[in-house]
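Below: the structure, in structure tokens.
The shown structure was predicted, so the numbers you read here are calculated from the model rather than taken from an experiment.
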Amino acid sequence: MSPSSKDTTPDARRSEFGDRSSFEPRIIAFLCNWCTYAGADLAGTSRLQYPPNTRTIRVMCSGAVDPSLVLEAFRDGADGVLIGGCHPGDCHYQSGNYKTQKRVFLLKGLMRQLGIEEERLRLEWISAAEGAKFADTVREFTAQIRALGPLNAPATAESVH
Amino acid sequence: MTSDQMPMTKVGAVLVVGGGIGGVQSALDLADSGYKVYLVDRAPAIGGIMAMLDKTFPTNDCSMCILSPKLVAAGRHKDIELMTLTEVLGVEGEPGAFKVRLKRHARSVDLSKCTGCGDCLTKCPVKDLPNEFEGGLSKRRAIYRLYAQAVPNAPTIDRAHCMKFQKAKCGACQKTCKAGAIDYSQQDEEVVIDVGSVVVTAGSKVAPTSLRPEYGHGRYPNVVSSLEFERILSASGPFSGHVQRPSDGKAPKKIAWLQCVGSRDDSVERGYCSAMCCMYAVKEAVISREHMAEVQPTVFYMDMRSYGKDFDKYVDRAEKQYGVRLVRARVPEIREDAATRNLIVRYASDAGSFSEEFDMVVLSCGFVPPPELVDLGRRLDFELNKYGFAATDAWTPTATSKSGISVAGSFAQPMAIPETVTGASGAAASAGAILAEERGKLVAQVEAPAEQDVANAEPRVGVFVCHCGVNIGRVVRVPEVVEFARTLPNVVFAEENLYSCSGDAQERLKDRIREHKLNRVVVASCTPRTHEPLFQETLAQAGLNPHLFEMANIREQCSWTHSDQPDKATAKAKDLVEMAVAKARLLESLHTVSLPVTQKALVVGGGIAGMTSALTLAGEGFDVFLVERERELGGNARSIAKTIEGDDVQKHLKDLADRVTSHPRIKTFLGTQVRKVEGFVGNFRTTVRPSDASDSSDKSDVPLQHGVVVVATGAQYRTPTEYGYGQSPRIVTQKELEQALAGVKESRGQGVKGRALESSNPVILDSFRSVVMIQCVGSRDADRPYCSRICCTEAVKNALAIKELSPDADVYVLYRDIRTYGMREEYYRKAREKGVVFIRYSPEAKPDVRVTEGKPVITVNDPILGRPVELQPDLLVLSTGIVAQSGSEELAQMLKVPLNADGFFLEAHVKLRPVDFATEGIFTAGLCHFPKFIDEAAAQAEAAAGRAATILSKDTYEAEAVTAHVDEQLCSGCGICVPVCAYGAPGLIEKDGRTVSHVNEALCKGCGSCAAACPSGAMTHLGFRIDQTRAMLRAALKVKPEGLKDEAGKAAH
């Protein structure tokens, strides 16, 4: 999990987000197809505005998010990871979201050991009717990650060169 | 009626009238069973009342989340023709061949051209029309969409308010529409369609608040109807889910719900109970608390009718966990404080008379058949009851008085979503049964060219970036995104489209695939949730596997949400395209697996539910094995003489049993039990054995092969241990009383025909001078925290029967809440009119019973007198609850289906899959699911048959293409995947001397949970493989893709 194992420079990596002096958080969002992805769609239909810092990966169920991919995201330069699933009891697949909850709990423990602030991983239950909650969540989470700053910033900047 | 002598040609098509959840379920079941369906709705979009709800009880499921996939499925089904803005004018012909006249109102928007982009909605100058969908709490324009997720998604022009139609000027929407979909010249038209049968799911409306003018709805802005409050709670509603007062937008603290508005009220000719208002009010109270912790909800009610599965537990939680205050009181009137616009509610409860101020009042409106539906009943020529609901009977709950026309949902009587969905599947089964021989004749045939093999071909990705009119192009610089896409690995073609989803763009897409030999396609446009199937179909038509497709959502999740940041939105769109291309490069062809189906059913249990299911399935042309543990058919109904409506149960039961035993397609096994179940949907192998088989050897075993299972094993009356039962022959159960009453009637020559009921307890016969009944004996307590649903009605029925035999008899019913929901309420009223005395007791102060000189003496606190009273009747009758059937656990284990905490079988989804199990191919009906009345059990039985027919009607079962797959080389056989799956799809097998996991594709739903859990990487989620997801992740984070030259990296150095 050394940040130095990345294949590309911070400059190249940050190019899409403007220059490095103004830090733009990079957030990966794993959204379940049935609830949170639909909620994100509703945020769009309702023209709710939120920061453009998330890159969404649609999954069928939040329970299908492989925990190793969350850690890889941090290794590869994500500053935050958002997992969105159905509210407890609402899972399209009966119980996938409960598995997510357990995995996120374990992942946070692992993140602490790795020296990654656990706030960088966020699990939210957002339904298909909660467009506003999705927009609010992204807004809040982006601000939170912005306040935390880049993940392992000094190491990232120095170790590549 | 036709008078032709020619044999009638039946039509394999069905008209479904009403596109609420009931109509959608009927349409989907019929279309999936091989019939062409016309789904007609008067509104511009399907969805009905359920689309307006925020959450559903008792699970607090988001209503739109569970409804919307069904609406999309109905909208896209190849055999369902949606006819919105359409009404039924009349019907002619006979069952099997009806001609139905319809009137299609002009939408003024061409559905074949409209892309649903919504541009027109922003330009219309008429802005101040009340939005009916939002209860008038927000405004809409003259061109409008019913709701955001509406199906079809096209808007409608309200001609009565459109300037173009009223003043012949404007035309703003037409100028805005880049797709050229606005068509002012459309005319209303009359069409005639041929169908074999009709299903009416036209629903009901909430009772008008004008029935109780004293509550001030319409005068006091902070008095809202329950449906308006649903919209207030909804995140997509007029206040974006902020609970606020309509008068001043302030957050209310104290909110009151007033029950029974337009229900249980003979003074406004609404003598029935609307059956769901208690639950929805408690739900709204809970949800408002979830929205704002400061809210103090109070529900004013008469009886808390939480009679359904897990309803009492919900109400209990509402009180204890959410602080919902329940006050048993009827409110005579509301006044408004003109200064604060607060509401002053006067009420009288057991504790005295009070006056209390609230910030907001919600009227829990009942349900009524609106005049236009009463009119529909007349046009379709079937009988209505005195309230205007469609008349039905207990034994054929979905049949109207007109043969060939079925009814389901709240047009038959007020009912909640699960009963509506149940009825809808049952009505589909009845409609299908008339047309069994026509099945499959009118369905659309899908023909696609042979599929290209792309397994070893270098990926050739085509990228199509959509402007969506100006919806994307106004924010995202589409040409720049196209240029960028061309630089991505394996992209051999990229172009922009005005509307990627339009008909001409689909044709062009096919051409591009051929011209450029594309073997992967990426469309960057809107959400895959609505548009992916469309593009996938086009790929199939061009000879590409539909799974070689990926979408980048640059509208809903980019241009619309970052509309003032064109640079960042364009950068994000590029990233999303890069991610989609990264995944597309790794996509592979996926195929659905066709599994053979044994087109026979096994029905377990020979009571009313089991027999009705068996007969419905046999009527649809399927062979049925009916297995009954006892030596005779009939189940619990054998001990019931009459229904409260006066139906002769024994006569019906005999008729049902005769039809079952004489039906050539039903093979009945009496005195037989299920021993073993193997296999899965379409391919079950079950072993049954006579109950009295002398040893455990398998000599008497009978193997059965079948494609589906209906579990209808019933339940049992509990034998009481309390209130002195067994200590005196004068203490009996309701069931014993009913049998004795039937015996008396018989001896007086008023008896029922059919099987005579025995009177096992002769003392009862002369004991009708004074009777006390105690309700909730062993129900709604800590051991059995559920309501048995039928006991109140049984008590009322028997009380009325006693009063009929001896009008002077004193009858007391000691109760907690009288739960005679629906039309049964009328009998409760009749019992009170006949002098039956109802005394309420609380669970903290249950009646005390002692036996003195062989006679029961009962002491109970009378809440009206405010002191204990002592009763010394000749007879004490205990209303004992219903408990789960013995042997349920063994059967549940054999079938691998769950039971709830109370031992009843647990359906896949309490709202929308009420008779399905999560495991495909297994269904449930009757009392094994939960205590219920005969009509409800019969409705479930028909529904289970209807759902089963969607599988049995085809000779193969198409399993999902997106499933889990095991790499047996990597699998260590640890078995972690097995408990992770909610559907029982993975299982451990022995193969070549090793234990490995094996996924049963017929059961897999493609969620991917097992793949995420697999510690050895052996489990793959097809279509969402970890390397595909990783590729997206790396593309998003600009990590160079594996196996590619690091050009970006070089440039940076």
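No more than 12 heavy atoms of other residues, nucleotides or ligands lie within 6.0 Å of NZ in B/K896, so this atom counts as exposed by the packing criterion.
Interface summary for chain B: among A/S95, A/G96, A/C35, A/A38, the most heavy-atom pairs under 4.5 angstrom belong to A/A38. Comparing B/S563, B/A918, B/A148, B/A1011 by heavy-atom pairs within less than 4.5 Å of chain A, the highest count is held by B/S563. Ranked by non-hydrogen atom pairs under 4.5 Å with chain A, the options B/C981, B/S234, B/P528, B/C1010 are led by B/P528. Here B/T561 is the residue among B/D564, B/T561, B/T1029 with the most heavy-atom pairs under 4.5 Å with chain A. When B/C62, B/A982, B/C1007 are compared by the number of non-hydrogen pairs under 4.5 Å with chain A, B/C1007 comes out ahead.
We find that A/R112 and A/E119 are not joined by a salt bridge, their nearest charged nitrogen and carboxylate oxygen being 4.0 Å or further apart. Between A/R146 and A/D79 there is no salt bridge, since no side-chain N of the basic residue sits under 4.0 Å from a carboxylate O of the acidic one.
Scanning all heavy atoms of the two residues, the minimum distance from B/P155 to B/L121 falls at CB-CD2, 3.8 Å. Taking every heavy atom of both residues into account, A/G63 and B/A1012 meet most closely at O-CB, 3.4 Å. Scanning both residues, B/A1035 and B/E578, for their nearest heavy atoms gives CB-O, 3.9 Å. The two residues B/R231 and B/S236 have their closest heavy-atom pair at NH2-O, 3.5 Å.
For B/D567, no part sits under 4.5 Å from any heavy atom of chain A, backbone or side chain. There is no contact between A/P88 and chain B, counting heavy-atom distances below 4.5 Å. Looking at B/A1013, both its backbone and its side chain come within 4.5 Å of chain A, counting heavy atoms on both sides. Both the backbone and the side chain of B/Q557 have a heavy atom closer than 4.5 Å to some heavy atom of chain A. Using a 4.5 Å cut-off between heavy atoms, A/I28 contacts chain B through its side chain alone, with no backbone atom that close. For B/H1021, the part sitting under 4.5 Å from any heavy atom of chain A is the side chain, from C-beta outward, and nothing else. Both the backbone and the side chain of A/Y37 come within contact range of chain B, each with at least one heavy atom under 4.5 Å from a heavy atom of that chain. Both the backbone and the side chain of A/T45 have a heavy atom closer than 4.5 Å to some heavy atom of chain B. Using a 4.5 Å cut-off between heavy atoms, A/T100 does not touch chain B at all.
Contact annotation: the side chain of A/W125 never approaches that of A/T36 to less than 4.5 Å [non-hydrogen atoms, C-beta and beyond]. Side chains of B/L67 and B/Q149 form no contact here, defined as non-hydrogen atoms less than 4.5 Å apart.
Under the salt bridge (charged side-chain N to carboxylate O under 4.0 Å, His left out) criterion, no residue pair touches residues 96-108 of chain A, with sequence neighbours excluded.
Residue A/H92 holds its NE2 atom at 12.5 Å from CG of A/N97, rounded to the nearest 0.5 Å. In this structure, OG1 in B/T56 is found 6.0 Å from NE2 in B/H909, a value given to the nearest 0.5 Å. If you take CD on A/E118 and CD on A/Q113, they are separated by 11.5 Å, rounding to the nearest 0.5 Å.
Contacts of residues 127-142 of chain A with chain B at a heavy-atom distance below 4.5 Å involve A/S127, A/A128, A/A129, A/E130, listed in sequence order.
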